[in-house]
2 protein chains.
Amino acid sequence: MATLCLPYQLSPEQTEKLDTIIQRHRPLQKRDVLIHNGEPLKFLYAVRSGSLKSYTLDSQGSEQIIDFHLPGDVIGFDGLIDGNHRSYTQALETTMLCEIPIQSLDQLSAELPGLRKQMLRLMSGELHASKTLLGTLNHHSAQQRLANFLVTLSSRFQQRGLSSRSFRLSMTRADIGNYLGLSVETVSRILTQLQQEGVLAVQNKLVEITEPERLRALAA
Amino acid sequence: MATLCLPYQLSPEQTEKLDTIIQRHRPLQKRDVLIHNGEPLKFLYAVRSGSLKSYTLDSQGSEQIIDFHLPGDVIGFDGLIDGNHRSYTQALETTMLCEIPIQSLDQLSAELPGLRKQMLRLMSGELHASKTLLGTLNHHSAQQRLANFLVTLSSRFQQRGLSSRSFRLSMTRADIGNYLGLSVETVSRILTQLQQEGVLAVQNKLVEITEPERLRALAA
DNA sequence: ACGAATCGTTGATTTAAGTCAAAGTGACTT
DNA sequence: AAGTCACTTTGACTTAAATCAACGATTCGT
């Protein structure tokens, strides 16, 4: 169970201990909301399959997507600041999760330095990704942003043992635009443009990156 | 020493233990670079006085500012992912720091749950700030971004016991623009515009927020 | 299996912010 | 104290991407 949920370099003994605190969560259906803004943080969630988006609502009640979660990701770190979740998290498709009780995790991490390090590494990685994205969005054109988004997705899929060349976008064009600070129309236009240039082939949700090198060059 | 560097809710006993591992760092002059991208991460740094900026360099060698650090901030969390710093960090003015050896901190945090929690809280807070900023930048106009920047700065100063109404911008307009994804000219124009509207008064690096309420409203 | 609703594409037009250019201001150096 | 350099402001013009609008294509729910 622990290996499925937190597939990281831990010793068998450590894995066994982790197993005792991790629970399987009921599966989520598309559009189910896992986490509501402001809720007390009791668990972290590890994604086993499927995908989710995290978002906040601004003063006018409109969504601001701040993250997409894929299998292997851990959800909830940003709530550790005061023990409350700081965003909504919603399933983009049928999704399986593990839940990890914060309190047990904290206790366990006192005796397992490897686990402690792993948690720090996960948070640090998220922090780094988030700051990198900031730089990306601030200084790049719509095409560069989208290229970067696709390259990042692609490498995340690869890290998880899936194909980096062809995959399914579980989020809508509107979600992508929202996340990248672009309008739906712009996202759509750029996708067709990239397709015309032969960099990739899109068919609805399915993307095949035909020339990864060129896409990576565009993302720079 | 520890109270100066990490002024958080720790017991006297905990503070004493922290004291044994924290060192004073030599003062930095304006433009001194504290951290180079790729360097192994040996210490975290806590800002005692002064300020710094963190940035990455893109493929064309141009700066992408990802953070400003004020007194009380801890620098270096994003490097925990693999033990290497992921950015450059440079002093914006004469700056005093404490250095905290990572390894001792990790050992100490095994026996002090409060310290562990504090570290998680700091990282989580940074993560949250970074994600919030992402949302802000993606979905707001130049004026809203700048207003938001000033409001955030203002409240950070307040948290540190300084005036929230008038303060000095240790970074240049170019730095602000870079951070917010705006051109220098736009930053300048919006500052004069806000001044004309009576929301604030700017004189060179000095800012006085005359109508905090209106500024906050603009930041929304 | 059907209609409704959501999602995606494409075209025409508008606009916010970037770029280019130049002058003004302040601040460090010798 | 003068000159240089870096920073800031202001104006004119351009442009990338948003908005508005309309129409296909999928997906969803009954």
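Residue numbers start from 1 in every chain, and the chains themselves are labelled A, B, ... in the order their sequence lines are given, proteins ahead of strands.
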Legend entry - Nearest-angstrom distance from the residue atom CG of B:Leu180 to P of C:dA16: 19 Å

Inset, instruction - Would you mind checking if B:Asp73 and B:Arg156 are paired as a salt bridge, meaning a charged N to carboxylate O distance below 4.0 Å? - result: yes

Inset, instruction - Nearest-nucleotide wise, let me know which of B:Thr192 and A:Val187 is further upstream toward the 5' end of DNA chain D. - result: B:Thr192

Inset, instruction - Please report, rounded to the nearest Å, how far the P atom of D:dC7 is from the CZ atom of B:Arg168. - result: 13 Å

Inset, instruction - Could you point out which residue of B:Asp175, B:Asn178, B:Thr89 forms a side-chain hydrogen bond (donor to acceptor under 3.5 Å, both in side chains) with B:Lys53? - result: B:Asp175

Legend entry - Spacing between B:His140 atom NE2 and C:dA17 atom C1', to the nearest angstrom: 17 Å

Legend entry - Short N-O contact, B:Arg168 and B:Glu93, less than 4.0 angstrom: yes

Legend entry - Donor-acceptor pair under 3.5 Å, A:Arg189 side chain vs C:dG11 base: yes

Inset, instruction - Measure the distance from CG on A:Leu169 to P on C:dT9 and round it to the nearest whole Å. - result: 10 Å

Inset, instruction - Using only side-chain N and O atoms of A:Thr186, determine if any of them is under 4.0 Å from OP1 or OP2 of D:dA18. - result: yes

Inset, instruction - Hey, which sits more toward the 5' end of DNA chain D by its nearest nucleotide, A:Ile190 or A:Glu185? - result: A:Ile190

Legend entry - D:dT9 OP1/OP2 closer than 4.0 Å to side-chain N/O of B:Asn204: no

Legend entry - Selected nucleotide, minimal atom distance to A:Ala142 side chain, candidates C:dC7, C:dA21, D:dA17: D:dA17

Legend entry - Shortest non-hydrogen contact between B:Thr210 and B:Gly198, atoms and distance: OG1-O, 2.9 Å

Inset, instruction - Could you tell me whether B:Leu182 contacts a base, only the sugar-phosphate backbone, or nothing, with contacts defined as non-hydrogen atoms closer than 4.0 Å? - result: sugar-phosphate

Legend entry - Whole-Å gap separating C1' (D:dT27) and CD (A:Gln29): 16 Å

Inset, instruction - Would you mind classifying the nucleic acid contact of A:Ser183 as base, sugar-phosphate or nothing, using non-hydrogen atoms under 4.0 angstrom? - result: base

Legend entry - Length of the CG-P vector between B:Leu194 and D:dT8, whole Å: 16 Å

Inset, instruction - For A:Lys205, report the nucleic acid contact type (base, sugar-phosphate, nothing); a contact means any heavy atom under 4.0 Å. - result: sugar-phosphate

Inset, instruction - Kindly assign one of parallel, tilted or perpendicular to the pair B:Tyr55 and B:Tyr88, based on the angle between their ring planes and the thresholds 30° and 60°. - result: parallel

Legend entry - Sugar-phosphate only, base, or nothing, as touched by A:Ser188 at under 4.0 Å among non-hydrogen atoms: base

Legend entry - Rounded interatomic separation in angstrom, taking CG from A:Leu191 and P from C:dC7: 16 Å

Legend entry - Most 5' of B:Ser141 and A:Arg31 on DNA chain C, judged by nearest nucleotide: A:Arg31

Legend entry - Worked verdict on A:Glu185 versus A:Arg173 for salt bridge (charged side-chain N to carboxylate O under 4.0 Å, His left out): CA-CA 8 Å; A:Glu185 294 93 328; A:Arg173 305 286 194 268; over 6 Å; no

Inset, instruction - Let me know the distance between CZ of A:Arg145 and P of D:dA18, rounded to the nearest Å. - result: 8 Å

Inset, instruction - Tell whether B:Arg173 reaches the base of D:dT10 with its side chain through a donor-acceptor pair below 3.5 angstrom. - result: no

Inset, instruction - Describe the nucleic acid contact of B:Gly181 in one word from base, sugar-phosphate, nothing, applying a heavy-atom distance below 4.0 Å. - result: sugar-phosphate

